[in-house]
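The structure appears right after this line, and notes come after that.
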Amino acid sequence: MVKPFEETTAELVRRKYGVTVQIPDQPLLEVRHCAKQLNFLRPKPKDAESPDRNHITVIAELFRILPLTNALYVKCRLLPTILHRMQSLCNTLQLYNILRCKSSVGSAVGAVEQWKELENDHRFRGLYSSSPRGSPASSVNFEMSPTAENTPPVQRMESEESPDPSTLDSDSDGSLNGFDMVNGVKTPQSLGLFFEKQMNKLFYAQMHSRIRKRKNDSKLLSQSQSPLRPTLEALKKAEWMRAPEGCQSSLTPPPFRLDSEFRTDPRTTPFPEIASLLTAITTAKAGDNFDLERMETMGDSFLKLTTCLYLYGKYPNYHEGRLDHLKAMQISNYNLYRLAREIGLGPFVLNEVLEPLINFTPPGYDALPQTHRSMVSVNDKGLADAMEALIGVVLMECGCGSAMKFMTGLGLKVELSGGVAVGSGRTGKALLRDDPGVAEELRQLISGLDVFEEHIGYKFRQPAYLLQAFTHSSFYQNRITDCYQRLEFIGDAILDFMVTRYLFSGTNRWLSPGELTDLRSALVNNKTFSLLAVQNNFHSHIKYNSPKIFALIRKYVEEARTENPNVIPISNDMLHFGMVEDDKKEKFSGYERAEDPKTLGDIFESVAGAIYLDSGCSLDAVWTVYYNMMKERIEFCLEHCPKNPVRVLYEYEGTNDVVFQPLEKLSNSKVRVTVDVKGKGSFQGIGNNVKAAKCSAAKEALRCLGHPAPTW
């Protein structure tokens, strides 16, 4: 058998390129192409670390040696990122001066003289700052050897300590990958690839370590960990051991208090650091280690709270619908966008990924040609989110009082001149009349509510607030107080803010934006509030004259008793308009056979508003009571993180395989929605509106298809 013709590399080069190799027996070199990454704001994906990627075999004498060391090459690649970060910090310093002047927060203390270290978000927290002292990240010094002009650079370790092997990937024998032992010191094998290889290893090792630690510690709440300044902490500790007025001492104290934050002097509170402001103006599109999404959630919740409290005190005669309209006008994206333009926030917002070859110009150089320049635009939603993120940053670093002063400086109306402030101890009056017969009428209407007060652990100083919280608009027998709608208006905002603030405290502070949104949606909704209301016997004290509401609540309570026999059943005399038989012909073919009555959720929120007003506008009193009622539910959600059932169905089956059909109106004023899952069947859900029906249909589909993901 004749062997095929074997051609050497030298012969191949001569035949293909017409180049004659001078030393035919020289060894070949295995090399790889230089990395083209120029944006080092974030580590490159872990799957990009492939050992055999782009490796080629070449002849050494055919290559020209450039007088450029590996270390200098890496530094040149890092330079655009460093200049970009410095330029961003300098621009943020300009914004710092503008906001500090407008809000007067920190006006009595000096401006920041030294910038603190940038802090990465939940994904990259402590990546470099937590590196052991003497690790290659901080102690490597590259210098040219004085003995030879073109010899490779000598790497010197200035610290006597060597890197901790537990923070880097290691071989089976415990030695570090990519390191050689030279005189007892671990030295990288490839000097030029040190930063992009070893630091990526360090990043992913620490990221997985943090994820494991967070799962192990998810049930622990640290009362000592707080993002607030020490001056605020000292003020809060003075009131920590004292239970809010009206609350029983047997209640478990919540992990934080807020009333003291509203009494701090904003002028003596230092304004947030430059690095924190940079986080608030960096969008997710910028592709940085951090973005504004978490702080935007916190700012949005606080803006909603302060706006509701302001409108409630400003317009005492407005009904809930009118208050909702005014609230929507203030917290709308358009209003925030308008205020952002007035202060000139747009040019400061970072909304573009750094691409040095396209959109980067070194400071002091002429701008790139128009053909190579991309226009950076921020839409109205982006500017509104940045405004809310700035509010969130000031709130978490300076406290609630400084955040309100900051919002006033931005042009938002949240402070009442001469009105009742949070934690002031001053209250209004819930009674509409003040004649001699009111006391006896009030005594008859609140009969039996003392049992409820004992159950929740709060004693009302003005029982009229509790009566108002349980009075439905259909209950015409109560002529001494208003109905619960105005109380529900502020109670909803209070619970939303307190739950959101709780998710930012303790070990929950580093939840991702997606997890934060899911948890907030799972805890603050009508379904959760209705369930908690029934578990705590709210339904036994509601005063209404509506047969429809009576039927809905009774059906819901009966369904709840099948899962929890301790739930108190609703009696027939609860309907103050005579007994009305339940409509036995009503069909509930969906998975959730008993829908959550909105009245139950509204009452749960209105009682929170009643406690707030009765306690002298104390958020601490509300949270002390409601933390004990919601604690188990919060811990369950933190452990399982329920999601929207419609979203879960899309994630499991794919967006292209899930189709929701148009709604179908039923004779009982409900709607039915059918969802088709490709190749697996159709599923139906019924609800009072389209959203509830879609959730019911999605839950039915998930149950039948065997998907165990928790949903709300």
Side-chain angles (χ1 to χ4, degrees), residues 305 308-309 311-313 315-325 327 427-433 438 441-442 444-453 455-456 458 460-496 498 524-534 536-550 552-553 556-557 570 574-577 596-615 617 621-622 625-626 629:
L305 169 70
C308 289
L309 296 181
L311 295 175
Y312 183 90
Y315 305 104
N317 298 322
Y318 282 14
H319 57 79
E320 183 198 13
R322 196 168 182 181
L323 294 177
D324 272 327
H325 174 70
K327 179 188 73 172
T427 61
K429 292 184 178 180
L431 294 174
L432 300 177
R433 307 195 329 259
V438 170
E441 192 173 350
L442 176 63
Q444 295 178 1
L445 290 173
I446 65 174
S447 176
L449 291 180
D450 54 338
V451 179
F452 176 78
E453 291 179 300
H455 175 75
I456 66 174
Y458 181 83
F460 279 82
R461 293 180 291 180
Q462 296 189 49
Y465 277 121
L466 184 58
L467 173 62
Q468 180 182 351
F470 279 116
T471 300
H472 188 263
S473 58
S474 63
F475 188 65
Y476 62 86
Q477 290 92 329
N478 178 11
R479 300 179 181 179
I480 60 176
T481 69
D482 198 355
C483 66
Y484 65 71
Q485 291 179 348
R486 280 177 55 87
L487 293 179
E488 181 256 330
F489 173 75
I490 61 173
D492 171 52
I494 292 173
L495 294 181
D496 177 81
M498 302 306 290
V524 184
N525 61 73
N526 186 70
K527 181 179 180 63
T528 297
F529 288 168
S530 297
L531 177 63
L532 292 173
V534 169
N536 291 277
N537 198 26
F538 281 66
H539 60 282
S540 298
H541 305 284
I542 305 177
K543 301 181 182 300
Y544 51 86
N545 289 331
S546 171
K548 180 179 180 180
I549 294 178
F550 173 78
L552 287 173
I553 293 179
Y556 181 82
V557 171
I570 185 171
M574 282 297 300
L575 185 64
H576 299 273
F577 189 65
D596 316 307
K598 187 177 184 301
T599 305
L600 289 177
D602 292 345
I603 292 296
F604 191 79
E605 294 169 342
S606 65
V607 171
I611 295 176
Y612 171 77
L613 296 176
D614 182 78
S615 61
C617 301
V622 178
V625 174
Y626 274 75
M629 288 190 286

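Below, all heavy atoms of this structure are taken into account, side chains as well, without hydrogens, waters or symmetry copies. In this text, all values refer to a predicted model and were calculated from it rather than measured experimentally.
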Rounded to the nearest 0.5 Å, how far apart are [atom1] of [X] and [atom2] of [Y]?
X: Lys327; Y: Glu320; atom1: NZ; atom2: CD; result: 8.5 Å
X: Asn526; Y: Lys598; atom1: CG; atom2: NZ; result: 6.5 Å
X: Glu488; Y: Gln468; atom1: CD; atom2: CD; result: 12.0 Å
X: Ser615; Y: Tyr465; atom1: OG; atom2: OH; result: 10.0 Å
X: Leu552; Y: Thr599; atom1: CG; atom2: OG1; result: 7.5 Å
X: Leu449; Y: Lys543; atom1: CG; atom2: NZ; result: 5.5 Å

Could you check if a side-chain atom of [X] sits within less than 4.5 angstrom of a side-chain atom of [Y], using non-hydrogen atoms only?
X: Val622; Y: Met498; result: no
X: Ile542; Y: Ile553; result: yes
X: Glu453; Y: Tyr458; result: no
X: Phe529; Y: Ile603; result: no
X: Leu487; Y: Val607; result: no
X: Leu531; Y: Tyr556; result: yes

Output yes when Arg433 and Glu441 qualify as a salt bridge under the 4.0 Å nitrogen-oxygen rule, no when they do not.
->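 Yes.
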
Which atom pair, heavy atoms only, marks the closest approach of [X] to [Y]?
X: Met629; Y: Ile456; answer: SD-CG2, 4.2 Å
X: Pro463; Y: Ile446; answer: CB-CD1, 3.7 Å
X: Leu466; Y: Ala610; answer: N-CB, 4.5 Å
X: Ala493; Y: Cys308; answer: CB-SG, 3.7 Å

Member of Thr471, Leu432, Leu445 meeting the side chain to side chain contact (heavy atoms under 4.5 Å, CB included) criterion with Ile480 | Leu445

Backbone of Arg461 reached by a side-chain donor or acceptor of Asp614 within 3.5 Å | yes

Whether Ser530 side chain and Leu600 backbone form a donor-acceptor pair below 3.5 Å =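 Checking the backbone N and O of Leu600 against the side chain of Ser530, no donor-acceptor pair under 3.5 Å is found.
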
Worked verdict on Leu305 versus Asp496 for side-chain contact (heavy atoms from CB on, under 4.5 Å) | CA-CA 8 Å; Leu305 169 70; Asp496 177 81; over 6 Å; no

With Phe604, the ring pair (Phe, Tyr, Trp, His ring centres under 6.0 Å) member among Tyr626, Tyr484, Phe470 |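 Only match with Phe604 under ring pair (Phe, Tyr, Trp, His ring centres under 6.0 Å): Tyr626.
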
Cation over ring face, Arg322 and Tyr318, 6.0 Å, 45° | yes

Asn537 and His455 side chains, donor-acceptor separation under 3.5 Å = no

Got a sec, which residues hit side-chain contact (heavy atoms from CB on, under 4.5 Å) with Ala464, two or more places apart in sequence or on another chain?
-> Ala430, Leu431, Leu442, Thr481

So, do Phe538 and Phe452 have ring centers that fall under 6.0 Å from each other?
-> yes

Parallel, tilted or perpendicular: which fits the ring planes of Tyr544 and Phe550, with parallel below 30° and perpendicular above 60°?
-> tilted

Mind running side-chain hydrogen bond (donor to acceptor under 3.5 Å, both in side chains) on Gln477 and Asn545 for me, showing each step along the way?
-> CA-CA 9 Å; Gln477 290 92 329; Asn545 289 331; 2.9 Å; yes

